[in-house]
2 protein chains.
Amino acid sequence: MDTTQRTEQQRSADRRRRELLEAADRVVLRDGPQASMNAIAAEAGITKPILYRHFGDKSGLYAALAKRHTDALLNSLRAALDAPADRRERVEATLDTYLAAIEARPQVYRFLMHPADGGPSADQGFDVGKHSAPLLRRMGEELAQVIEDRLDLGPESQQLARVWGHGIVGMMHAAGDWWLGERPCSRAELVRSLADLLWGRLAAAGDKIGGPGF
Amino acid sequence: MDTTQRTEQQRSADRRRRELLEAADRVVLRDGPQASMNAIAAEAGITKPILYRHFGDKSGLYAALAKRHTDALLNSLRAALDAPADRRERVEATLDTYLAAIEARPQVYRFLMHPADGGPSADQGFDVGKHSAPLLRRMGEELAQVIEDRLDLGPESQQLARVWGHGIVGMMHAAGDWWLGERPCSRAELVRSLADLLWGRLAAAGDKIGGPGF
DNA sequence: CTTGCATGTTACTAGCGGTAACCTCAGTCT
DNA sequence: AGACTGAGGTTACCGCTAGTAACATGCAAG
């Protein structure tokens with residue numbers, strides 16, 4: 001078999017794979033995270049074994065699906081963090097980019113982070129346990145690298161940067177998750193509040209009069 | 001039926017319920033989060049329908065199980081946060097209490113936070129999606145209340161306190177999760193690094209020489 | 001003795017993830 | 001031409017799960 005033919009087959013398979021992923025995306029957006037392999041196969045107009053030939057198992061399909069959205073999000077975040085502006089402005093822009101993303105496509109966000117929400121009695125949804133953590137980990141590690149590369153933190157800077165990277169990502173994630181559910185304020189206010197926290201306003205705050213302090 | 005009898009029955013049911021919960025605890029600690037209702041029933045020496053009579057469905061059992069551990073953890077955290085010491089010391093003590101808890105019983109922690117980890121091909125574990133969020137939410141709301149009660153944050157203090165409460169809890173959670181998996185440093189170092197972050201060391205850090213700044 | 005009622009069981013349903021076996025048809029080698 | 005190979009697709013199944021209906025048993029009250 002010559003090379004052109006092989007690439008031809010490869011191309012066909014890749015195209016098919018993309019079609020299947022788009023079908024899976026539609027089903028997930030429609031049925032929520034408890035979309036079944038059967039449903040996805042039906043949406044794609046085929047049957048289960050083909051899905052399994054392409055993605056191995058459900059985790060494989062999930063991973064491929066998650067990678068798409070994750071890569072896009074990470075690219076946006078990198079761009080925001082690398083914009084030409086001062087540090088606080090860029091931190092705020094990055095927070096805002098993340099929050100704007102989860103606000104714009106909450107279904108996708110919930111699919112990535114919260115398995116089996118919304119379905120009345122559905123319990124066998126996608127298992128996010130093995131994938132949402134990698135997403136947060138990836139963001140944490142990337143941020144850690146940025147911090148270590150660009151900030152002067154003295155000795156132990158590497159370890160400190162990693163702790164901060166994961167910590168800040170966790171802060172952003174938890175605050176965003178809560179905000180998305182309750183919408184207690186505008187996105188801009190949330191961004192400013194989080195940046196204030198990172199900028200040491202907690203340490204600078206005075207005790208409330210009459211209270212035991214904190 | 002008179003009152004004494006009713007309380008007698010109630011007591012019996014409660015005792016049984018506690019026994020079942022302890023059996024479930026054992027199974028979860030042994031089999032991990034993918035423990036099945038069948039396995040739990042077998043461990044308790046009974047069969048499935050009894051479990052369903054007591055807890056409604058799997059989520060009910062899970063919720064009861066999670067509540068136990070969650071309540072215990074929250075009590076420890078409240079105690080640490082209320083100890084007589086200055087603010088930073090108490091924040092560090094609280095972080096350390098949380099981290100010590102997840103370090104001491106990682107299986108329980110993973111059960112509460114990461115469904116279906118560890119099992120080779122097990123995909124139908126407990127659905128944590130409906131419960132881990134409530135745990136983090138509860139911690140976030142409690143911390144928000146503490147911050148609002150004790151800190152002088154000027155106008156908008158309530159909203160700021162809530163954002164910070166959820167954000168700080170998320171930071172603690174994500175950092176702890178990462179730390180538990182990689183063990184890159186001692187618990188004390190992690191606590192100090194996180195407290196440093198909260199105390200504004202990020203804002204105070206200078207740019208690294210030669211870099212574009214951050 | 002009979003009526004409740006809680007406790008327990010067996011035996012089942014419906015649906016899931018995943019797989020073995022087969023089928024079909026384009027293109028290739030002899 | 002005619003047998004061969006292999007990718008794409010399907011049917012029919014397995015073992016497992018959560019959850020339930022229907023049937024048994026023992027124990028107190030009238």
Asker: Between B/Tyr62 (OH) and D/dT17 (P), how many Å, whole number?
Answerer: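 Checked: the OH to P distance equals 19 Å.
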Asker: Is it the case that atom CD in B/Glu182 sees more than 12 heavy atoms from other parts of the structure closer than 6.0 Å?
Answerer: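 For B/Glu182, atom CD is crowded (more than 12 foreign heavy atoms under 6.0 Å).
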Asker: Atom NZ of A/Lys58 to atom P of D/dT17: distance rounded to whole Å?
Answerer: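 That distance rounds to 15 Å.
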Asker: Round to the nearest Å and state the distance from A/Asp31 atom CG to C/dG15 atom C1'.
Answerer: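 One finds 14 Å between C1' of C/dG15 and CG of A/Asp31, rounded.
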Asker: Count the heavy atoms belonging to other residues, nucleotides or ligands that lie under 6.0 Å from CZ of B/Arg192, then report whether that count exceeds 12.
Answerer: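 For B/Arg192, atom CZ is not crowded (no more than 12 foreign heavy atoms under 6.0 Å).
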Asker: Between D/dG15 atom P and B/Gln34 atom CD, what is the distance in whole Å?
Answerer: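 Interatomic distance, CD of B/Gln34 to P of D/dG15: 20 Å.
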Asker: To the nearest Å, how far apart are B/Asn38 CG and D/dG15 C1'?
Answerer: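 Rounding to the nearest Å, CG of B/Asn38 and C1' of D/dG15 are 13 Å apart.
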Asker: Check residues 91-101 of chain B and write down every donor-acceptor pair under 3.5 Å in which the side-chain atom is one partner and the other belongs to a residue at least two apart or another chain.
Answerer:
unit_1  : atom_1 : unit_2   : atom_2 : d
B/Glu92 : OE2    : B/Arg88  : NE     : 2.8
B/Glu92 : OE2    : B/Arg88  : NH2    : 3.0
B/Thr94 : OG1    : B/Arg90  : O      : 2.8
B/Asp96 : OD1    : B/Arg187 : NE     : 2.9
B/Asp96 : OD2    : B/Arg187 : NH2    : 3.2
B/Thr97 : OG1    : B/Ala93  : O      : 2.8

Asker: Between the side chain of B/Trp179 and the main-chain N/O of B/Cys185, is any donor-acceptor distance below 3.5 Å?
Answerer: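 Checking the backbone N and O of B/Cys185 against the side chain of B/Trp179, a donor-acceptor pair under 3.5 Å is found.
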Asker: Please pick, from C/dG18, D/dG19, D/dG9, the nucleotide with the shortest atom-to-atom distance to any side-chain atom of A/Asp57.
Answerer: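 Looking only at side-chain atoms, A/Asp57 lies closest to C/dG18.
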Asker: Please work out which residues in residues 43-55 of chain B have a non-hydrogen atom less than 4.0 Å from an atom of DNA chain C and list them by number.
Answerer: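 DNA chain C contact set from residues 43-55 of chain B: B/Ile46, B/Thr47, B/Pro49, B/Ile50, B/Arg53.
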Asker: Is the side chain of A/Glu189 donor-acceptor paired with the backbone N or O of A/Ser186 at a distance under 3.5 Å, no angle test?
Answerer: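 Checking the backbone N and O of A/Ser186 against the side chain of A/Glu189, a donor-acceptor pair under 3.5 Å is found.
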Asker: To the nearest angstrom, how far is B/Arg15 atom CZ from C/dT7 atom P?
Answerer: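 B/Arg15 atom CZ is separated from C/dT7 atom P by 11 Å.
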Asker: Nearest whole Å is fine: how far is D/dC16 P from B/Met37 CE?
Answerer: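 The distance from CE of B/Met37 to P of D/dC16 comes to 18 Å, rounded to the nearest Å.
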Asker: Between P on C/dC16 and CD1 on A/Ile40, what's the gap in Å once rounded to a whole number?
Answerer: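 After rounding, the gap between these two atoms is 11 Å.
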Asker: Would you call B/Asp71-B/Arg138 a salt bridge at under 4.0 Å N-O?
Answerer: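 So B/Asp71 pairs with B/Arg138 through a salt bridge.
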